[in-house]
Amino acid sequence: MNKSIRIGNAQAFWGDRPSAAKELLIQEPGLDYLTMDYLAEVSMSILALQRERDPQKGYPQDFVEVVRGLAAYWGAGGNCKLIANAGGLNPLGCARACKAALEQSGCREMKIAIVSGDDVVSILGEQSEDPSFNNLDTEQSLASVKNRLVTANAYVGCQGIVAALNAGADIVITGRVADPSMVAGACAHHYGWASDAWDCMAGATVAGHLLECGTHATGGISTDWLSVPDPTHIGFPIAEVASDGSSVISKSSYAGGCVTESTVKEQLLYEIGDPSRYISPDVTVSILGLEVRQVSANRVSVRGAQGAPPPVTLKVSATYRDGYRAAGMLTIVGPHAVRKAKRCGEIVLARLAEAGWKYRDSIVECLGNGASVPVLESENAEHDSYETVLRISVEAETKEPIEAFSKEMIPLVSAGPQGTTGYAEGRPSVHAVFRYWPCLIPTALVSPNLDFMSTSDTRDSEKPTAPWPAPSEHVLSRDGGDTLLATTEPTHAADSRSAKKSHRRLHHYTYGRSGDKGVNANIGVLVRDSRHYESMKNWLTVERVQQFLRGMGITKIDRYEVPNLGGLNFVLHGVLKRSIRNDAQGKSLAQALLSMPIDDALHID
C-alpha cells in the first residue's frame with residue numbers, strides 16, 4: 001500500500017477555534033482522518049470540578065457542538081474519521097452527548113468508539129507510598145499530597161485507537177492518550193503495521209507531534225509571525241503519512257498561514273526534551289536523523305525518524321489541590337509610570353501584612369517593561385515607560401487571605417497615582433490552585449477499555465440530502481503560491497544585514513520556540529543559516545544561557561545538540577516553579593533568549 005493517508009488536525013487545546021473542524025472539512029472534504037486535542041495537564045482538574053457539579057459532565061462540551069456541526073458532512077456522504085481525546089474524565093458521557101447531537105441533527109448511522117482505562121487515580125491513592133509515584137520533578141513522595149489528589153491519568157498509547165478503527169469506528173473518543181498517539185493510531189490501523197515496526201511508528205509519532213499543536217506548524221506563534229501570510233484565516237496542518245512513516249506536512253490551499261522548514265523545525269523542538277529519546281507510550285523516537293526539506297510551497301517533507309521500544313512505564317499526569325490564588329491588573333499612565341506602579345504594589349502588600357494576612361507567595365510585575373521575563377527588566381530600567389500595566393498576584397493556603405487581597409487592590413483607583421485606569425472588570429477573582437504531579441506507572445497496570453455505540457440514521461427520507469458546501473470562491477486567492485517560500489528569509493534576516501555589529505542580537509541569526517514541562521521549560525533554538533551552526537553551537541553554551549537568565553530560579557540546564565536541524569535544545573529545570581508569574585507556561589522564554597546581545601566571541605559574518 002503506497003498511497004499516503006491524509007490526516008488533519010483542527011484543535012490544539014481546549015479553547016481553540018470551535019469552527020476549525022468544519023472549515024477544514026469544507027476546504028479538504030477528502031481527508032482520511034481528523035484529530036482534535038483537548039487535554040492539557042491542568043484541563044483534567046477543571047473537568048473534575050465540572051464533574052463534581054454534574055456527574056454527567058467531565059468532558060469538554062465544546063466538542064459536542066463540533067460534532068453537531070459535522071453531522072451535515074457525514075450525512076452528505078463524507079468519510080473522514082474523527083479521533084479526539086475529548087472524553088476527558090468521562091468518555092462515555094461525551095459519546096452519549098455526541099450520539100444525541102448527531103441524531104438531533106439528521107445524520108447517517110455512525111459508529112462511535114469509546115477508549116477509556118487511563119484513569120489511575122484509585123491506583124495512586126491506594127499505593128501513594130510507592131516510590132514509583134514520586135514526583136518526577138521534585139522526587140517528593142505522593143503520600144504528601146494523597147488527601148488532596150484530584151485526578152491521575154496515564155498517557156496511554158494508540159492500541160485502543162487501532163482496535164476501535166479496526167472495528168469500523170467512525171468517531172473515536174478517548175480519555176488521556178498521548179497527543180501523537182492519535183496520528184500513530186490512524187497510521188498503524190491503515191497500514192497494518194506490526195507492533196515492532198519501530199521506525200514506522202517513530203515517523204508517525206513525529207507527524208503526530210507536528211500536528212498536535214494545530215497552527216503551530218502553519219505559522220502560529222512562530223518567531224517570524226509578522227511574515228506569516230493571511231493570519232486571519234490561518235489554516236490547520238495536514239500530514240500526508242506514507243507506509244514507511246515518512247510524511248509531508250502541508251495545509252489547505254484555501255487557508256492562510258504557511259508551512260516552511262522553519263515552522264516545522266520550530267515545532268519539532270517544541271517541548272521535546274532529549275531529541276534522541278522522545279518518549280511516547282508507543283515508541284521511543286530519535287529525531288537526530290530527521291531530514292526536513294521544503295519540497296514545494298507549503299509542503300515540507302519529514303523523513304528519517306528512528307524508533308526503539310518504549311519504556312515499560314507510562315507517564316501519569318496527576319493534579320492535586322494546593323490552596324488559592326488571585327491576580328489583579330491596573331494600567332498606570334503618566335511620567336514615571338513604572339515607579340508609580342511598583343509603589344502601588346508595595347502599598348497593597350504592606351496593607352495586607354499590617355492586617356495580619358499571610359501569603360505563600362506574592363509578586364508585583366510591571367508588564368510592558370520586561371517583567372514577564374525579569375532578565376529584560378534591566379534593559380528597560382533606564383527607559384521608564386509613560387504607561388505600564390501593574391499586575392499583582394498572591395497565593396495562599398486558604399481562601400480568606402486571597403479574598404482580602406481582592407478587596408484591597410481596587411481602592412488604588414482613587415488612592416493611587418493619577419492616571420490609574422483599566423479597572424472595568426472590578427475586583428480580582430479568587431481561584432483554586434491545582435498543581436501538576438508528573439510520575440510513572442508500570443504499563444502492565446494500565447489497559448485500555450473499548451466500548452461502542454451506534455447512532456440511528458435520522459435523515460429525512462422525504463428531503464434530498466443537502467450537499468456539503470464547497471470552499472468559497474473568494475478563498476481561492478489566499479494561497480500565495482511560491483511566494484510563501486520567501487518566509488524562510490523574513491524580516492529578521494534582513495535586519496541582521498543592516499544592524500550595527502555592536503547591536504546584533506541572537507534573533508538576527510536564530511529563531512526558536514519555548515514551552516512548559518511541569519516546573520521545567522524547553523527552549524529550542526535553530527540557526528537561520530546552516531553555515532552558522534558550528535559557530536553558534538560553540539558560542540551558545542549552557543553557561544552563557546545560565547548567566548543571561550540568572551535570577552529566574554533555574555537549578556540546572558541541559559543542552560542537546562540537533563545538528564541535522566541546525567538546532568540546540570535547552571531544558572531549564574525549575575524555571576517555572578513560581579507559578580504566580582505572568583508567564584507561568586514559559587511561552588516568552590524563547591523570545592527573551594533571542595534578545596541576547598551578540599558579542600565578538602561569536603564569529604559570524
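Quick note: residue numbers are just sequence positions, from 1. What you see below is based on every heavy atom in this structure, not just the backbone, and it leaves out hydrogens, waters and symmetry mates.
Put simply, the side chain of H508 does not reach to within 4.5 Å of the side chain of I598, judged on heavy atoms. The shortest side-chain heavy-atom distance between F434 and L49 falls under the 4.5 Å cut-off. Within the 4.5 Å cutoff, the side chain of L593 has no heavy atoms near those of the S514 side chain. Within the 4.5 Å cutoff, the side chain of I402 has heavy atoms near those of the Y359 side chain. By the 4.5 Å heavy-atom criterion applied to side chains, F548 and S595 are counted as neighbours. Taking 4.5 Å as the limit, some side-chain heavy atom of L526 sits within range of a side-chain heavy atom of Y511. Using a 4.5 Å cut-off on side-chain heavy atoms (C-beta onward), C366 and V338 make contact. Looking only at side-chain heavy atoms (C-beta outward), L390 and I392 come within less than 4.5 Å of each other.
With no hydrogens or angles considered, no side-chain donor-acceptor pair links D224 and S222 at under 3.5 Å.
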Please determine whether side-chain contact (heavy atoms from CB on, under 4.5 Å) holds for the pair D322 and R360, giving the CA-CA distance in whole Å, both sets of side-chain angles, and the decisive distance to 0.1 Å. CA-CA 11 Å; D322 195 30; R360 187 165 56 201; 3.4 Å; yes

Walk me through whether L314 and Y155 qualify under side-chain contact (heavy atoms from CB on, under 4.5 Å). CA-CA 6 Å; L314 297 174; Y155 285 86; 5.7 Å; no

Before you tell me yes or no, could you show the steps for T151 and S45 under side-chain hydrogen bond (donor to acceptor under 3.5 Å, both in side chains), namely the whole-Å CA-CA distance, both residues' side-chain angles and the distance that decides it to 0.1 Å? CA-CA 6 Å; T151 65; S45 58; over 6 Å; no

Determine, step by step, whether D118 and V177 satisfy the side-chain contact (heavy atoms from CB on, under 4.5 Å) criterion, reporting the C-alpha distance in whole Å, the side-chain angles of both residues, the deciding distance to 0.1 Å, and the verdict. CA-CA 8 Å; D118 57 292; V177 300; over 6 Å; no

Decide side-chain contact (heavy atoms from CB on, under 4.5 Å) for W14 and I46; before the verdict, give the C-alpha distance in whole Å, the side-chain angles of both, and the deciding distance to 0.1 Å. CA-CA 11 Å; W14 184 12; I46 299 172; 4.0 Å; yes

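The ring pair (Phe, Tyr, Trp, His ring centres under 6.0 Å) search around W193 returns Y191, not counting sequence neighbours. R531 meets the side-chain contact (heavy atoms from CB on, under 4.5 Å) test with D529; sequence neighbours excluded. In this structure, the ring pair (Phe, Tyr, Trp, His ring centres under 6.0 Å) partners of Y320, at least two apart in sequence or on a different chain, are W437.
Note that CG of N520 is 10.0 Å distant from CD1 of I554, once rounded to the nearest 0.5 Å. For the atom pair CD of Q591 and CG of L506, the computed distance is 11.0 Å after rounding to the nearest 0.5 Å. Note that the SG atom of C187 and the CD1 atom of I161 stand 11.0 Å from one another [nearest 0.5 Å]. In this structure, the separation between CD1 on I249 and CD1 on I7 is 9.5 Å, given to the nearest 0.5 Å. Considering CG of L540 and OH of Y533, their distance stands at 10.5 Å, rounded to 0.5 Å. The CD atom of E395 sits 6.0 Å away from atom CD1 of I580, with the distance rounded to the nearest 0.5 Å.
Applying the ring-ring contact (aromatic ring centres under 6.0 Å, His included) test to residues at least two apart or on different chains, the pairs with a partner in residues 258-283 are H209-Y278, H216-Y270.
Nearest heavy-atom pair, G307 versus D199, reported as atom, atom and distance to 0.1 Å: N-OD1, 2.8 Å. For I441 against A154, the heavy-atom pair with the smallest separation is CG2-CB, 4.3 Å. In plain terms, the two heavy atoms of S280 and P311 that are nearest each other are O-CD, 4.3 Å. The two residues R544 and A601 come nearest to each other via the heavy atoms NH2-CB, 4.4 Å. Among all heavy-atom pairs drawn from S128 and L142, the shortest one is O-CB, 3.6 Å. Minimum interatomic distance between D516 and K587 (heavy atoms only, all atoms of both residues): OD1-NZ, 3.6 Å.
Heavy-atom contacts from other residues, nucleotides or ligands closer than 6.0 Å to CZ of R277 number 12 or fewer.
Remark: side-chain polar atoms of Q294 are paired, donor with acceptor, to backbone N or O of E261 under 3.5 angstrom. Looking at Q267, its side chain never comes within 3.5 Å of a backbone N or O of C213 through a donor-acceptor pair. Checking side-chain atoms of S181 against main-chain N and O of A184 turns up no donor-acceptor pair under 3.5 Å. Proximity of a side-chain donor or acceptor of E266 to a complementary backbone N or O of T223 within less than 3.5 Å is detected. D37 contributes no side-chain N or O that, together with a main-chain N or O of D179, makes up a donor-acceptor pair within less than 3.5 Å. Distance alone, capped at 3.5 Å, is enough to place a donor-acceptor pair between the T35 side chain and the G8 backbone. Side-chain N or O atoms of N564 include one that pairs as donor or acceptor with a backbone N or O of I287 at under 3.5 Å. Panel note: side chain S362, backbone V394; no donor-acceptor pair is recorded below 3.5 Å. A side-chain donor-acceptor contact under 3.5 Å links R581 to the backbone of S372. For D282 (side chain) and G157 (main-chain N/O), no donor-acceptor pair under 3.5 Å exists by modelled atom type.
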Side chains of residues 234-241: which donor-acceptor pairs under 3.5 Å do they make with residues two or more places apart or in other chains?
residue, atom, partner, partner atom, Å
E240, OE1, R299, NH1, 3.3
E240, OE1, R299, NH2, 3.0
E240, OE2, S250, OG, 3.3
E240, OE2, R299, NH1, 2.7

Less than 3.5 Å apart, which donor and acceptor atoms pair up between the side chains of residues 566-577 and the rest of the protein, not counting sequence neighbours?
residue, atom, partner, partner atom, Å
N569, OD1, N522, ND2, 2.8
N569, ND2, G273, O, 2.7
N569, ND2, N522, OD1, 3.2
H573, NE2, D558, OD2, 2.7

